[in-house]
Q: 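What follows is a single structure, and I will ask about it in a moment.
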Amino acid sequence: MNVIPLFVAIPLAAAFFIPMVSQKFRWVPDLLGNLTAFALLVMAVSVIGKKDVYIMGGWAPPIGINLVLDGLSVLMLITISLVGFTATLFSIRYMEQYTSKLRYYSLFLLMMGGMNGVALSGDMFNIFVFLEIASVASYALVGFGCEHEELEASFKYLVLGSVASTLILLGVAVIYGSLGSLNMAHVSRLIVEQGMNKALYFSLTLLVMGFSLKAALVPFHAWLPDAHPSAPAPISAMLSGVLIKVLGVYALLRISFNVFGMSPLLANILIWLGTISMVVGGLLALGQWDYKRLLAYSSISQVGYVVLAVGIGGAVVSRGDSMTVAGLAIGGGLFHLINHAAFKSLLFLSSGAIVYSTGTRDLRKMGGLKDRMPLTSGAANIGAFSISGIPPFNGFWSKLVIIIAAVQARYYWLALTAVLISVITLAYYLKLQRHAFFGPASENNRDVREVPLSMCIPMVLLAVLCVGMGLLLLPGPRAEILQPAVDALTMGMKYATVILGR
Amino acid sequence: MGQKLTPGDSRSNLYNPQLGMTLIVKTVTRWVKGFIFLFGVYIVLYGHLTPGGGFAGGVIIAGAFILLTLAFGKEAALERMSKTVASEFDSLGALMFLMLAWLGLYFGGPFFVNFIQRNLPGKRFHLFSAGNIPLCNIAIGIKVGTSLFMVFIILSVLRVVVKKGERRMVQMKRRGE
């Protein structure tokens, strides 16, 4: 039995099963949610290094729907299921603060199923459908608390997210009108045969705008600093950790490298979007006093790094320069993507733990939590060091690779900007540590206690990952996980031949 | 089942003159509601032979309940299908559809393969033909019918009440019950 369709089927089945049985048994949502997330993690680990094309219902690709498992999809599946598993584990106690846990787990698993679908789909329209499943579930989850601020953020997210979906749907429709096909491999082949025309450039513009809105790159970022802090902490971790990457960055990379083909113009657009997000996100984060809002702005900045690195890789590919440099840049970007998933979800979970214990998100009201909550503050400090690029941690290695690749591709100014923004990142995380964990304890926090064990375990797990993920650059693990993902992008338009098999 | 309710009996919202629209609308609705429901079921069951299918039929089934809500008020419709039941059927329809897809895997084909058609093909243009497509239509019909009804009910939770000249929104139910 093939495991690929189960990545979508299992979370959907669990999402619909939970509300049916949970009216009677209160413990079912926790158990089923965690079991499903764990099963997905096991399945994602079991497909490492595999490549496959799955044809749904026995209808061959240009007409039927296919699921594509390649290196990049595997990387995304592992990221989704890892962060998803830690977030569900964290939710057991954290979500006790809210009512109707069954709806929470149901929506959470719908969101995971949608993201797995986006990562696996080989069909433009199916990407849109799965993207909508994940987005609609996330709109509801952002407003889950039903307080004034949360509903406002959710509504803002809903409006901008719907604009993004509309742009994407319009782009897909223009592709279909122009080429008569929706299968990504087939579209890619038709573009190679017929060349680009004006309608396809229009469609590419719409798709880049739509996916940039989903990824919250800077001219399109307005919804993120409201939506991510307002959600419950495990959802913030999922949104910042994987949702913007899978719905935004992954889809953007897939269409720009494998469907439309990298051109110097598109590479420049990616580089500019990345650089502006990196700079503006970093500078805006400096002035924040809300713990979660600071993390949200920092997400914009770090996703900027990813897009910048991949844009540099695309520029090198489209110039026809050495593939080693392109591979280095794209590899650095993808490595930063998974690293960011690990440390940003860790930081958001720690923010949840602090809100759970102290009841505030304001940095000025914290202080001295180092002694009161040793595990949380230890994990959060590791996360902060990783994201600002202190040597032994994973963030250092990915930023180093990105900067080396930028220098080798002769983008010296971009390399300098990346270093400067890294310093700024360090600055605002030092501010966070100084005000939250060190310094004198404030009056409010006299009798603050450490969070329960089931909330500590996911944070410790992610902290261990932050320390250990630098090992992925060693030749062995690199050939298993990172290199296939890089190859999937650098092979460019050969994608069609690989998928269609002729 | 049970005893027959007469007009004016306060036990049924169906005959409560305080709720809903005028007597004309109520009478006509009482006549046609069953036929609309049956027509929806027909569209679902014959979806593989005639125009229509699970979604269209489901919308018509939901239309029967929405007509009840409009004519008699929300309470009368919820008497026929409560929120819990609708929510259960909503999940059930989706699960049924997924199980049909899964059975394809179980009978040794790809996900979503038409396993019935492969093993025992029926006569063309008969009711029992086209393999598992009618079953998929039934699942979609249940899902769409109940979830559209739920959407309508949830939209009607906020009700505008005019009282002594002032208009105010009254939230009828709180979240998370």
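Note that the coordinates shown come from a computational prediction; the quantities given were computed from them, not determined experimentally. Values below: every heavy atom of this structure, side chains too, minus hydrogens, waters and symmetry copies. Every chain is numbered from 1, with letters handed out A, B, ... down the list of sequences.
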Q: Answer yes or no: are there more than 12 heavy-atom neighbours, outside A/Tyr139 itself, under 6.0 Å from its atom OH?
A: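 For A/Tyr139, atom OH is crowded (more than 12 foreign heavy atoms under 6.0 Å).
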Q: Output the distance between atom CG (B/Asp90) and atom CE (A/Met20), rounded to the nearest 0.5 Å.
A: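 So the gap between those two atoms works out to 10.0 Å.
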Q: Of all the heavy-atom pairs spanning A/Ile55 and B/Pro110, show the shortest one and how long it is.
A: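 Scanning both residues completely, I find the closest heavy atoms to be O-CB, 3.5 Å.
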Q: Could you tell me whether the side chain of A/Tyr54 and the main chain of B/Phe111 form a donor-acceptor pair under 3.5 Å?
A: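 Answer holds: yes.
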Q: Take B/Leu105 and A/Leu6 through the side chain to side chain contact (heavy atoms under 4.5 Å, CB included) test and state the conclusion after the steps.
A: CA-CA 10 Å; B/Leu105 272 183; A/Leu6 299 187; 4.0 Å; yes
Q: Kindly compute the distance separating OG (B/Ser91) from CG (A/Leu102), expressed to the nearest 0.5 Å.
A: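 With rounding to 0.5 Å, OG (B/Ser91) is 9.0 Å from CG (A/Leu102).
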Q: Around atom CZ of A/Phe128, are there more than 12 heavy atoms from other residues, nucleotides or ligands closer than 6.0 Å?
A: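 Check passes, neighbour count above 12.
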Q: If you round to the nearest 0.5 Å, how far is CZ of A/Phe17 from CG of B/Leu92?
A: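 It is 11.0 Å, given to the nearest 0.5 Å.
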Q: Where on A/Leu67 is there a heavy atom nearer than 4.5 Å to chain B: the side chain, the backbone, both, or neither?
A: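 Looking at A/Leu67, nothing touches chain B.
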Q: Verify side chain to side chain contact (heavy atoms under 4.5 Å, CB included) between B/Met96 and A/Phe16, making sure each step is shown before the conclusion.
A: CA-CA 10 Å; B/Met96 262 176 75; A/Phe16 292 122; over 6 Å; no
Q: With a 4.5 angstrom heavy-atom cut-off, is it the side chain or the backbone of A/Ile10 that approaches chain B, or both, or neither?
A: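 For A/Ile10, heavy atoms of backbone and side chain both lie under 4.5 Å from chain B.
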